[in-house]
Amino acid sequence: MSKKGRVFSGARPTGRQHLGNYLGAMKNYVALQDEYDCVYCIVDVHALTTVETTRDLRNNTYDMALDWLAAGIRPEESIVFVQSHVPQVMELHTYLSMVTPLGKLTDLPTFKEKVRENPDNVNYGLVGYPVLMTADIVLYQTDIVPVGVDQAPHLEFARETVRSFNYRFGANVLKEPQMKTTEIPKVLGIDGQQKMGKSLNNHIELAATPEETRQRVMQMVTDPQRMRRTDPGNPDVCNVFTMHKVFSPPEEVAMIDTECRRAGIGCVDCKKRFAENLNKHLEPFRQKRAEIGQNPDTVWDVLHDGARRARTIAEETMTAVREAIQLPR
Ligand code: SF4
């Protein structure tokens, strides 16, 4: 069956993935493969803009790719690769930077946020981040980019940059990517307060053992108003219930919804049930991860093969780009 077009998405190498990564991106990556030709990139160069040390970069890249494959990304169909393995992206980034007004970059809310977070490390790469991101997307003649609502301005930036480039060089060599707005759920951490993330240590790793997973689940914060077992709870404000809705069978979700409100079920029991359902859900992932992980070369082979396929598309684009710019042959 022919597919609807090419999807591109990139993610920083953050190592072993957690439930937030799974629900926020990986699940969607896997599903998109049925309808689109997918290009999934581990953007290691982007990571350099904010990391202090590159010590873990290789391991994080490996672990992330391993998790992607274990979750169901099919490398025989999709292109999975590492950004720095396709040097053409740096070249395109440079050309695109020539049609990008500096003020537009420094006005972007994400740039301002990064400056606030890290005022002592406002490097050139950080300013040019959206230009490199645009190069990532358009190098592969991408049709569709799945984005959450908060990333929409970045894609709009990419589209405008493509238009500027095509206009400036009088040729339609770069394809304007379309946005596929995806509802990206905000997955809270076990603290029930903040977005799940490694830096906050409020995450549940997909590759954790069943026992580790159970322990993390048992630490989850529930309805803060429910102090005693005999108090009725409110599942609508409870992160455990939110997770039940994703991983537990509907009858069980309905039962908890009712019983929690009349103190018919306690939080300990409720969390045990969630841990069990989550572990059941993650079992095939863990098995596949262990299988692939037996031979680490498998993961690197996938990434190298992906880069080879990506470079072929990239070189075609760059040939047209150099021609449009009229660079000396
Ligand atoms: S019983 Fe379950 S849904 Fe209700 S507050 Fe406790 S953990 Fe949350």
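Throughout, numbering of the chain's residues begins at 1 and tracks the sequence.
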Review point. Within a radius of less than 6.0 Å around CD of Q193, do more than 12 heavy atoms belonging to other residues, nucleotides or ligands occur?
Key: no
Exercise for review: Using a cut-off of 6.0 Å, state whether more than 12 heavy atoms not belonging to K104 lie near its atom NZ.
Suggested key: yes
Check your understanding: What closest approach, in Å, do Q33 and S78 show between heavy atoms, and which atom pair accounts for it?
Key -> OE1-OG, 2.9 Å
Point to revise | Criterion salt bridge (charged side-chain N to carboxylate O under 4.0 Å, His left out) against R273, the qualifying member of E251, E252, E259 | key: E252
Check your understanding: Around atom NZ of K27, are there more than 12 heavy atoms of other residues, nucleotides or ligands at under 6.0 Å?
Key -> no
Point to revise | Q219 and Q215 side chains, donor-acceptor separation under 3.5 Å | key: no
Review point. Do the side chains of F169 and Y95 join up, straight or via other hydrophobic residues, at under 4.5 Å, putting them in one cluster?
Key: yes
Review point. Where do D143 and R6 come nearest, in terms of heavy atoms and distance?
Key: OD2-N, 2.7 Å
Practice item. Determine whether the side chains of H304 and D301 contain a donor N or O and an acceptor N or O closer than 3.5 Å. Key: no
Point to revise | Single-linkage hydrophobic cluster M98~F157, side-chain heavy atoms < 4.5 angstrom | key: no
Check your understanding: Within a reach of under 6.0 Å around CD of E211, are more than 12 heavy atoms found that belong to other residues, nucleotides or ligands?
Key -> yes
Practice item. Mind listing the closest non-hydrogen atom pair of A307 and V86 along with its distance? Key: O-CG2, 4.1 Å
Practice item. Have a look at R12 and tell me which of D44, T49, N60 forms a side chain to side chain donor-acceptor pair (under 3.5 Å) with it. Key: T49
Review point. Do you reckon L96 sits in the same ILVMFWY cluster as L327, going by side-chain contacts under 4.5 Å, direct or chained?
Key: yes
Practice item. Compare every heavy atom of Q194 with every heavy atom of N202, then report the nearest pair and how far apart it is. Key: ND2-O, 3.5 Å
Review point. Considering all heavy atoms of both residues, which atom of P210 and which atom of R286 are nearest to each other, and what is their separation?
Key: CG-NH1, 3.6 Å
Study note, to complete from the structure: Looking only at heavy atoms, the pair that brings G293 and Y62 closest together is CA-OH, 4.0 Å
Review point. Does the side chain of Q83 pick up a donor-acceptor pair with the side chain of D136 at under 3.5 Å?
Key: yes
Practice item. Spell out, yes or no, whether I144 and L139 are grouped together once hydrophobic residues are joined by side-chain heavy atoms under 4.5 Å, including indirect joins. Key: no
